[in-house]
Amino acid sequence: MKVLVAVKRVVDYNVKIRIKPDGSGVDTANLKMSMNPFDEIAVEEAVRWKEKGHAAEVVLIGIGPQAAQDTLRTGLAMGADRAVLVKTETETEPLAVAKLIAAVAKTEKPDVILLGKQAIDDDSNQTGQMLAALLGLPQGTFISAAKPDEAGRITVIREIDGGLETLSLATPCVLTTDLRLNEPRYASLPNIMKAKKKPLDVTTPADLGVDVAPRLALLKVAEPPTRKAGVIVGSVAELVDKLKNEAKVL
Ligand code: AMP
């Protein structure tokens, strides 16, 4: 089985982001960037399948500027075999990303395409679903367990509002990872060194024949309103009084 894993470089989840003064977006200058946490889970899953003998090759795909290469190298240090960087300076929306992954999948012919359920910068939660539609493949989204079998099918458990749903999917298929699927490993120093020598091909949207021009216009980015400070009440009677007469909820 060959697995293609999508890996996005995003602002690190520990960073408190700043909005540009003109409200035109988030200021990403000099911020720590990391692999999208759900994509780390996707890489971990693919590497575990390789270690268990289910997967023969794990290929990473990243779309972004030259610096996205560093994120791909992190995935290679976790155990992936090789990577493809689709280099673009344009901010890519989920539809463009889905088209680019679809174009690479046509030549790579993976049995499974693994993505995160969402990128923590745009929180779109769209790319995997769009990709499955573009390729006409079955999809298992928000998976918290996955088990490939000898017959070339994959059983997945999906986290849905009402509980858990178990699906058996034919391959090729598209899967998106939820938080509880696994706990990603840290790359060891020797593996980080080895990853520097692993193959990393660079291509462009133009080479793949995909138009990545944005379809959406970003109107404004703003901070959420600051919450008013709370009050410590002295007694239950005072609380009840405030709920009745100030908040008027009783
Ligand atoms: P989104 O639909 O933007 O929330 O992203 C969902 C998933 O699509 C992410 O977790 C990644 O696996 C993949 N993805 C989105 N954008 C990119 C990108 N620029 N490069 C590689 N993978 C991406």
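Read the numbers this way: they start at 1 and go in the same order the structure lists the ligands and their atoms.
Close approach of ligand 1 to Asn36 (heavy-atom distance below 4.0 Å) involves ligand atoms 9 (C), 10 (O). Interface atoms of ligand 1 facing Leu115, defined by a heavy-atom separation under 4.0 Å, are 8 (O), 12 (O), 13 (C). Contact atoms of ligand 1 toward Ser124: 1 (P), 2 (O), 3 (O), 4 (O) (distance under 4.0 Å to a heavy atom of the residue). Short contacts between ligand 1 and Val7, defined as distances under 4.0 Å to a heavy atom of the residue, involve ligand atoms 20 (N), 21 (C), 22 (N). Below 4.0 Å from some heavy atom of Ala119 lie the following atoms of ligand 1, by number and element: 1 (P), 3 (O), 4 (O), 5 (O), 6 (C). Under a 4.0 Å criterion applied to the non-hydrogen atoms of Gln126, ligand 1 contributes the atoms 2 (O). Near Asn125, meaning under 4.0 Å from any of its heavy atoms, are these atoms of ligand 1: 1 (P), 2 (O), 4 (O). Near Asp122, meaning under 4.0 Å from one of its heavy atoms, ligand 1 places the atoms 1 (P), 3 (O), 4 (O).
One N or O on the side chain of Thr171 and one on the backbone of Gly152 form a donor-acceptor pair closer than 3.5 Å. Proximity of a side-chain donor or acceptor of Arg158 to a complementary backbone N or O of Thr141 within less than 3.5 Å is detected. Using a distance-only test at 3.5 Å, with no hydrogens or angles considered, a donor-acceptor pair links the side chain of Asn36 to the main chain of Gln118.
Side-chain atoms of Glu44 and Asn182 form no donor-acceptor pair, as typed in the model, at a separation below 3.5 Å.
Of the candidates Thr177, Asp178, Asp39, Asn125, Lys117 forms a side-chain hydrogen bond (donor to acceptor under 3.5 Å, both in side chains) with just one, namely Asp178. Among Lys50, Lys198, Lys194, Lys197, the one residue that satisfies the salt bridge (charged side-chain N to carboxylate O under 4.0 Å, His left out) test with Asp81 is Lys50.
At least one heavy atom of Ile61 sits closer than 4.0 Å to an atom of ligand 1.
Classification of Asp122 and Lys8 as a salt-bridged pair holds, one side-chain N sitting under 4.0 Å from a carboxylate O. The pair Asp111-Lys2 does not meet the salt-bridge criterion, since no charged nitrogen lies less than 4.0 angstrom from a carboxylate oxygen. The pair Glu108-Arg82 meets the salt-bridge criterion, with a side-chain N (NZ, NE, NH1 or NH2) lying under 4.0 Å from an Asp/Glu carboxylate O.
Checked by distance only, ligand 1 and Gly128 stay at 3.5 Å or farther apart across all their nitrogen or oxygen atoms. Geometrically, ligand 1 and Val97 share no nitrogen or oxygen pair separated by less than 3.5 Å. Not one N or O of Gly64 is nearer than 3.5 Å to an N or O of ligand 1, by distance alone.
Of the candidates Asp39, Thr92, Thr127, Asp39 brings a heavy atom nearest to atom 9 (C) of ligand 1.
For atom 6 (C) of ligand 1, the nearest protein heavy atom (residue, atom name, distance) is Gly116 O, 3.5 Å. In terms of protein heavy atoms, atom 16 (N) of ligand 1 is closest to Lys8 CD, 3.3 Å. Looking only at heavy atoms of the protein, atom 19 (N) of ligand 1 is closest to Ile63 O, 2.8 Å.
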- request: Output, in order, the C-alpha distance, side-chain angles, deciding distance and verdict of salt bridge (Lys or Arg N to Asp or Glu O under 4.0 Å) for Glu51 and Arg185.
  value: CA-CA 13 Å; Glu51 288 166 348; Arg185 72 195 63 192; 2.7 Å; yes
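Here the closest non-hydrogen pair linking Ile120 and Val11 is CD1-O, 3.9 Å.
Heavy atoms of Thr176 found under 4.0 angstrom from ligand 1: none, in either backbone or side chain.
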